[in-house]
Asker: 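The structure that follows is given in the form of structure tokens.
Ligands are counted one by one from 1 in listed order, and the atoms in each one are counted from 1 as well.
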Amino acid sequence: MKIAFINGPNLNMLGTREQGFYGVKTLKQINEELETRAKKHQVELLFFQSNFEGKLVEFIHSLNSLAALKGIIINAAAFTHSSIAIRDALLSIAAPFIEVHISNVYSREAFRKNSYFSDKAIGSIVGLGDYGYHAALEYFIRLETLPA
Ligand code: DQA
């Protein structure tokens, strides 16, 4: 099975960006750790990060033709709170998605409490740091291995 990891704007700055909220790991380190976990379960990961809304939309569209795609794990970062275009892109394809936020968006500014995705996500994971990505991956792995 394949899982797509999508990260939105400014997440390429993880490691140095607001460490109190986002920790000290770079996105590269986080992705490598996810890769290690995925390999143990013969899961193929596709990683995509962009600071541009249209590029995120186009990447999501490109996933529609991908055989064996089990799901999407998305941290749309600031676009979570603003992007109807990314919401519509996620709804335009068949794969289900889980929403992840590294920080606890509910304990921060009021504008971060609104998500354009959470009502359509399988679930949302917030505030668990980079472990949130692992928890989402575990969910899809578990789903795959459950008896029908
Ligand atoms: C974030 C939370 C967003 O509000 C913020 O704009 C981000 C990162 C998180 O992972 O906690 O860039 O999605």
Side-chain angles (χ1 to χ4, degrees), residues 1-41 43-64 66 69-144:
M1 78 166 169
K2 293 178 186 172
I3 301 286
F5 275 86
I6 302 176
N7 281 288
N10 302 306
L11 293 172
N12 56 311
M13 300 301 286
L14 290 177
T16 51
R17 173 191 184 202
E18 296 185 276
Q19 292 180 342
F21 285 122
Y22 303 119
V24 296
K25 284 184 195 168
T26 63
L27 187 58
K28 186 169 178 286
Q29 283 171 324
I30 291 171
N31 289 349
E32 280 168 4
E33 288 174 6
L34 289 165
E35 195 76 82
T36 303
R37 185 182 291 265
K39 275 201 182 117
K40 286 187 193 141
H41 299 275
V43 179
E44 189 183 324
L45 304 184
L46 289 94
F47 294 108
F48 186 76
Q49 188 278 326
S50 180
N51 297 318
F52 298 93
E53 189 175 22
K55 287 196 174 171
L56 291 160
V57 167
E58 286 183 347
F59 180 73
I60 292 165
H61 292 169
S62 76
L63 294 174
N64 208 24
L66 202 70
L69 182 71
K70 186 78 184 174
I72 296 170
I73 296 168
I74 183 165
N75 181 352
F79 287 142
T80 305
H81 320 299
S82 68
S83 182
I84 299 169
I86 295 174
R87 174 191 172 93
D88 286 349
L90 288 165
L91 297 182
S92 77
I93 68 164
F97 69 92
I98 297 176
E99 174 186 12
V100 172
H101 297 288
I102 296 169
S103 67
N104 181 351
V105 285
Y106 300 106
S107 67
R108 300 178 62 188
E109 299 96 324
F111 62 81
R112 293 186 204 276
K113 292 185 174 65
N114 176 58
S115 163
Y116 277 96
F117 312 126
S118 51
D119 63 316
K120 297 294 179 183
I122 298 174
S124 304
I125 300 169
V126 308
L128 302 188
D130 67 285
Y131 176 72
Y133 294 106
H134 289 269
L137 177 59
E138 283 299 327
Y139 175 84
F140 281 121
I141 292 169
R142 186 160 182 274
L143 210 62
E144 187 75 355

Asker: Can you pull out the closest protein heavy atom to atom 12 (O) of ligand 1? Residue, atom name and distance to 0.1 Å, please.
Answerer: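 Among all protein heavy atoms, the one nearest atom 12 (O) of ligand 1 is Arg17 NH2, 2.9 Å.
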Asker: Rounded to the nearest 0.5 Å, how far does CG of Leu143 lie from CD1 of Ile141?
Answerer: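 One finds 11.0 Å between CD1 of Ile141 and CG of Leu143.
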Asker: Does Lys39 come within less than 4.0 Å of Glu35, counting only side-chain N to carboxylate O?
Answerer: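 No, Lys39 and Glu35 are not salt-bridged.
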Asker: Please name the pair of heavy atoms, one in Asn104 and one in Val126, separated by the smallest distance, quoted to 0.1 Å.
Answerer: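 Shortest heavy-atom contact: OD1-CG2, 3.9 Å.
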Asker: If we ignore angles and hydrogens, is there a donor and acceptor under 3.5 Å between the side chains of Thr80 and Glu99?
Answerer: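 There is no such pair between these side chains.
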Asker: Can you tell me which portion of Tyr22 lies within the under-4.0 Å heavy-atom range of ligand 1? Options are side chain, backbone, both, or neither.
Answerer: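 The answer is the side chain of Tyr22.
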Asker: Under 3.5 Å between any N/O of Ala78 and any N/O of ligand 1: does that happen in this structure?
Answerer: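 Yes.
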Asker: Can Tyr133 and Asn75 be counted as having a side-chain donor-acceptor contact under 3.5 angstrom?
Answerer: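 Indeed, the side chains of Tyr133 and Asn75 share at least one donor-acceptor pair under 3.5 Å.
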Asker: Students should be able to answer this: which protein heavy-atom is nearest to atom 6 (O) of ligand 1, and at what distance?
Answerer: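 Protein heavy atom at minimum distance: Arg112 NH1, 3.1 Å.
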Asker: Starting from atom 11 (O) of ligand 1, what is the nearest protein heavy atom, named by residue and atom, and what distance separates them?
Answerer: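 The closest one turns out to be Ser103 OG, 2.6 Å.
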Asker: Below 4.0 Å from ligand 1: does a non-hydrogen atom of Asn75 turn up there or not?
Answerer: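 Yes.
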Asker: May I ask you to say whether Asp88 pairs ionically with Lys120, meaning some side-chain N is under 4.0 Å from a carboxylate O?
Answerer: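 No.
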Asker: Could an N or O of ligand 1 be found under 3.5 Å from any N or O of His81, whether backbone or side chain?
Answerer: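 Yes; the residue has a nitrogen or oxygen that sits under 3.5 Å from a nitrogen or oxygen of the ligand.
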Asker: What residue and atom, counting heavy atoms only, is the protein's closest point to atom 9 (C) of ligand 1, and at what distance?
Answerer: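 Of every protein heavy atom, Ile102 N, 3.3 Å lies nearest to atom 9 (C) of ligand 1.
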Asker: Does the pair Arg112 and Glu109 meet the rule for a salt bridge (charged side-chain N to carboxylate O under 4.0 Å, His left out), with working shown?
Answerer: CA-CA 6 Å; Arg112 293 186 204 276; Glu109 299 96 324; 2.6 Å; yes
Asker: Who's the nearest protein heavy-atom neighbour of atom 1 (C) of ligand 1, and how far?
Answerer: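 For atom 1 (C) of ligand 1, the nearest protein heavy atom comes out as His101 ND1, 3.7 Å.
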Asker: I'd like to know whether ligand 1 has Val105 as a neighbour, heavy-atom separation below 4.0 Å.
Answerer: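 Heavy atoms of Val105 do come under 4.0 Å of ligand 1.
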